[in-house]
Amino acid sequence: MKFLHTMVRVTDLDASLDFYVNQLGLVEVSRKEVPAGRFTLVYLAAPGDKGGEIELTYNWDPEEYTGGRNFGHVAFAVDDIYEKCAALAKGGVTINRPPRDGYMAFVRSPDGISVELLQKGGPLPPQEPWASMPNTGTW
Ligand SMILES: C[C@@H](O)C(=O)SC[C@H](NC(=O)CC[C@H](N)C(=O)O)C(=O)NCC(=O)O
Ligand code: NI
């Protein structure tokens with residue numbers, strides 16, 4: 001068996017693509033418009049990673065999505081968690097759980113999907129301002 005994707009429903013496809021692609025750094029692998037079902041599917045992956053995708057589901061007719069508490073997060077390993085968090089913050093993404101430990105950070109998508117970032121190869125040395133930065137939200 002092979003893990004394929006995690007599907008998340010999004011309320012604003014452009015805002016979600018800006019977050020997952022422009023801010024987080026994923027790339028669009030494919031997309032499928034389904035007029036009969038009035039929805040669009042967009043498959044995203046980390047560059048060069050065949051390990052699995054995020055399937056964004058955009059329903060053309062507005063829906064309200066209440067956050068399923070049972071859903072936790074999607075996680076990505078990053079080359080430099082400090083650089084990634086600084087870039088995300090510069091792009092207007094709130095770092096809910098800053099990488100105080102040089103290893104783990106959490107941000108949220110425009111629809112509140114929790115995204116975990118983990119430092120490849122283990123923790124980096126502590127670095128300000130991250131080492132003393134408080135949490136700014138939940139994850
Ligand atoms: C192609 C495969 O990866 C899919 O996930 S298609 C599954 C299908 N998706 C939809 O119908 C999307 C629109 C629908 N209104 C929705 O919001 O799900 C489906 O069966 N979805 C139901 C589900 O619970 O995933
Ligand atoms: Ni699917």
Side-chain angles (χ1 to χ4, degrees):
M1 187 161 72
K2 179 182 185 305
F3 176 77
L4 292 179
H5 57 255
T6 295
M7 185 275 253
V8 292
R9 295 183 178 91
V10 300
T11 57
D12 181 331
L13 188 54
D14 290 338
S16 292
L17 288 172
D18 180 62
F19 171 77
Y20 287 105
V21 176
N22 298 335
Q23 304 291 346
L24 202 55
L26 302 185
V27 293
E28 183 172 327
V29 176
S30 64
R31 77 168 51 201
K32 182 178 181 184
E33 306 279 351
V34 184
R38 294 184 55 75
F39 66 88
T40 302
L41 304 177
V42 182
Y43 295 89
L44 308 174
D49 183 359
K50 304 291 183 199
E53 298 175 346
I54 290 186
E55 176 187 38
L56 303 184
T57 292
Y58 174 63
N59 285 301
W60 299 354
D61 302 315
E63 292 185 33
E64 183 181 354
Y65 302 126
T66 53
R69 182 65 184 150
N70 55 320
F71 179 79
H73 55 261
V74 291
F76 296 93
V78 295
D79 292 332
D80 185 314
I81 198 161
Y82 296 137
E83 287 180 9
K84 177 60 76 173
C85 287
L88 286 165
K90 187 177 179 185
V93 175
T94 302
I95 312 296
N96 286 6
R97 197 272 192 194
R100 286 185 294 273
D101 54 6
Y103 178 63
M104 179 193 296
F106 277 90
V107 300
R108 284 189 178 238
S109 78
D111 287 295
I113 295 292
S114 185
V115 177
E116 180 179 37
L117 304 173
L118 295 176
Q119 177 58 43
K120 276 180 189 170
L124 295 176
Q127 184 184 103
E128 293 300 347
W130 307 106
S132 53
M133 191 177 289
N135 296 336
T136 53
T138 59
W139 54 87

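Note that ligands are numbered from 1 as they come in the structure, with each ligand's atoms numbered from 1 the same way.
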Any side-chain heavy-atom pair of [X] and [Y] under 4.5 Å:
X	Y	result
F71	I113	yes
L88	L117	yes
K84	D80	no
L26	E53	no
N59	R9	yes

ring-ring contact (aromatic ring centres under 6.0 Å, His included) partners for F106, two or more places apart: H73, W139

Nearby protein N/O/S atoms (those under 2.8 Å) for the Ni ion (ligand 2), with water ignored: H5 NE2, E55 OE1

Identify all N/O pairs between ligand 1 and the protein with a separation under 3.5 Å and present them as a table of atom names and distances.
from     : atom 1 : to  : atom 2 : distance (Å)
ligand 1 : 3 (O)  : H5  : NE2    : 3.3
ligand 1 : 3 (O)  : Y43 : OH     : 3.0
ligand 1 : 3 (O)  : E55 : OE2    : 2.8
ligand 1 : 5 (O)  : E55 : OE1    : 3.1
ligand 1 : 5 (O)  : E55 : OE2    : 3.0
ligand 1 : 15 (N) : N59 : OD1    : 2.8
ligand 1 : 17 (O) : R9  : NE     : 2.7
ligand 1 : 17 (O) : N59 : ND2    : 2.9
ligand 1 : 18 (O) : R9  : NE     : 3.4
ligand 1 : 18 (O) : R9  : NH2    : 2.9
ligand 1 : 24 (O) : R9  : NH2    : 3.1

Just list the side-chain donor-acceptor pairs under 3.5 Å for residues 118-135, sequence neighbours left out, or say none.
from : atom 1 : to   : atom 2 : distance (Å)
Q119 : OE1    : I81  : N      : 2.7
Q119 : NE2    : D79  : O      : 2.8
K120 : NZ     : D79  : OD1    : 2.7
E128 : OE1    : S132 : N      : 3.3
E128 : OE1    : S132 : OG     : 2.6
E128 : OE2    : S132 : OG     : 3.4
N135 : OD1    : R100 : NH1    : 2.8
N135 : OD1    : R100 : NH2    : 2.9

Shared hydrophobic cluster for V42 and F39 (ILVMFWY, side-chain gaps under 4.5 Å): no

T136 (side chain) donor-acceptor with I95 (main chain) under 3.5 angstrom: yes

